[in-house]
S.K.: 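Attaching a single structure in structure tokens format; questions to follow.
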2 protein chains.
Amino acid sequence: MQKKPAQCQFGAALDSIVGKWKPIILYHLLQGKPLRFNELRRLLPGITQRMLTLHLRELEEEEIVKRVIYPQIPPKVEYSITEYGMSLSPVLETLHQWGVTHTERKQLIKEINEQTKTD
Amino acid sequence: MQKKPAQCQFGAALDSIVGKWKPIILYHLLQGKPLRFNELRRLLPGITQRMLTLHLRELEEEEIVKRVIYPQIPPKVEYSITEYGMSLSPVLETLHQWGVTHTERKQLIKEINEQTKTD
DNA sequence: CCGAATCCTTTAGGATACTG
DNA sequence: CAGTATCCTAAAGGATTCGG
């Protein structure tokens with residue numbers, strides 16, 4: 001990667017939260033309740049086991065997510081947000097706000113285009 | 001793509017600002033001064049013409065960036081942030097803040113690991 | 001000067017089968 | 001239950017050449 005101005009470190013932040021399933025994984029974990037692997041999986045319809053583990057491992061690597069293994073049969077593993085991961089909450093909230101208005105805006109523009117098409 | 005909870009629209013926001021060069025492109029344009037294609041290119045060492053145009057087109061599509069063509073020989077094209085694109089400023093600032101501390105944190109952890117390795 | 005077009009490489013993401 | 005291991009596809013990114 002290239003050198004960036006010190007004032008432009010939001011690329012670094014993006015690296016931690018970008019990934020097809022990371023937004024929704026984080027959303028669920030930020031509810032506060034620890035979730036087991038299969039619970040999380042059920043909350044993410046369409047995700048494969050592989051992708052879920054990959055994304056969780058990445059979040060774990062950044063210490064955003066904590067993985068707790070209960071040594072028992074059958075296995076039980078719980079994922080939860082870390083204290084540090086909680087610091088993402090306001091960041092994601094801000095992004096969320098912008099995302100909502102952005103989506104609405106695009107929808108509005110689309111409707112206007114379809115309207116004027118019939119003129 | 002899957003369905004997401006309405007409370008989790010930050011994935012939509014990410015779509016607009018993710019891309020290898022988008023963060024740094026936005027950083028430069030958010031300085032406020034319109035920049036010509038080749039000016040921008042010089043500010044982004046390593047980028048190819050193709051990638052620069054592709055990313056700019058995407059940002060233009062979202063109406064985050066405005067493209068003004070001056071019909072003259074040799075051609076002159078200026079890119080600038082739109083009014084709407086300005087609304088990204090606080091969002092990116094928040095991301096930036098988190099990115100800075102996150103980078104520092106990772107660096108710190110790395111140093112500690114190297115320290116304890118010699119014990 | 002500001003691209004478009006073509007072709008190629010790399011990475012992200014996915015399908016499927018298997019395991020302690 | 002909670003994963004690995006393999007193999008494969010699609011998408012992002014890049015190198016190079018050509019053109020108004």
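From a predicted model like this one, the values you see are computed outputs, not experimental measurements. The sequence lines fix the lettering, A, B, ..., with proteins before strands; numbering per chain opens at 1.
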S.K.: Where the side chain of B/Val77 is concerned, which of C/dA4, C/dC2, D/dG13 is the nearest nucleotide?
M.R.: C/dC2
S.K.: Ignoring hydrogens, what is the shortest heavy-atom contact between B/Trp98 and A/Ser87? Give both atom names and the distance.
M.R.: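 Heavy atoms only, the tightest pair is NE1-OG, 2.9 Å.
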S.K.: Which listed nucleotide (D/dT4, C/dG3, D/dG13) is nearest to the side chain of B/Phe37?
M.R.: C/dG3
S.K.: In whole angstrom, give the distance that lies between atom CD of A/Glu78 and atom C1' of D/dG3.
M.R.: 16 Å
S.K.: Measure the distance from CZ on B/Arg42 to C1' on C/dC2 and round it to the nearest whole Å.
M.R.: 12 Å
S.K.: Determine, for B/Lys106 against A/Glu62, whether the closest basic-nitrogen to carboxylate-oxygen distance falls under 4.0 angstrom.
M.R.: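 Yes, this pair counts.
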S.K.: Nearest of D/dC1, C/dG14, C/dC2 to any side-chain atom of B/Pro75?
M.R.: C/dC2
S.K.: Nearest-Å distance, CZ (B/Arg50) to P (C/dC7)?
M.R.: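 About 13 Å, once rounded to whole Å.
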S.K.: Heavy atoms only: give me the nearest A/His102-B/Ser16 pair and the separation to one decimal.
M.R.: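 In terms of heavy atoms, the two residues are closest at NE2-OG, 3.1 Å.
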S.K.: Using only side-chain N and O atoms of A/Lys20, determine if any of them is under 4.0 Å from OP1 or OP2 of C/dG14.
M.R.: yes
S.K.: Rounded off to whole Å, could you give me the CZ-to-C1' distance for the B/Arg36 and C/dC1 pair?
M.R.: 7 Å
S.K.: Rounding to a whole Å, what distance do you find between A/Arg41:CZ and D/dC1:P?
M.R.: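 Rounding to the nearest Å, CZ of A/Arg41 and P of D/dC1 are 10 Å apart.
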S.K.: Please figure out whether A/Arg67 or B/Met51 has its closest DNA chain D nucleotide nearer the 5' end.
M.R.: A/Arg67
S.K.: In this structure, how many angstroms lie between the C1' atom of C/dA4 and the CD1 atom of B/Ile69, rounded?
M.R.: 14 Å
S.K.: So, taking the atom named OH in B/Tyr79 and the one named NE2 in B/His28, what distance separates them when rounded to the nearest 0.5 Å?
M.R.: 15.5 Å
S.K.: Provide, to the nearest angstrom, the distance between the CD1 atom belonging to A/Ile73 and the P atom belonging to D/dA2.
M.R.: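 Value for this atom pair: 12 Å.
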S.K.: To the nearest Å, give me how far apart CD (B/Gln49) and C1' (D/dT17) are.
M.R.: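 Computing the B/Gln49:CD to D/dT17:C1' distance gives 11 Å.
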S.K.: On DNA chain D, compare the nucleotides closest to B/Thr48 and A/Leu56; which residue's is nearer the 5' end?
M.R.: A/Leu56
S.K.: Could you tell me the separation between the NE2 atom of A/His96 and the OH atom of A/Tyr27, rounded to the nearest 0.5 Å?
M.R.: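 The NE2 atom of A/His96 sits 8.5 Å away from the OH atom of A/Tyr27.
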S.K.: Just to be sure I understand the rule, does B/Tyr79 reach a base, reach only the sugar-phosphate, or reach nothing, if contact means heavy atoms closer than 4.0 Å?
M.R.: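 The answer is sugar-phosphate, as B/Tyr79 gets under 4.0 Å only of primed atoms, P, OP1 or OP2.
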S.K.: Looking only at side-chain N and O atoms, does B/His55 come under 4.0 Å of OP1 or OP2 in D/dG13?
M.R.: yes
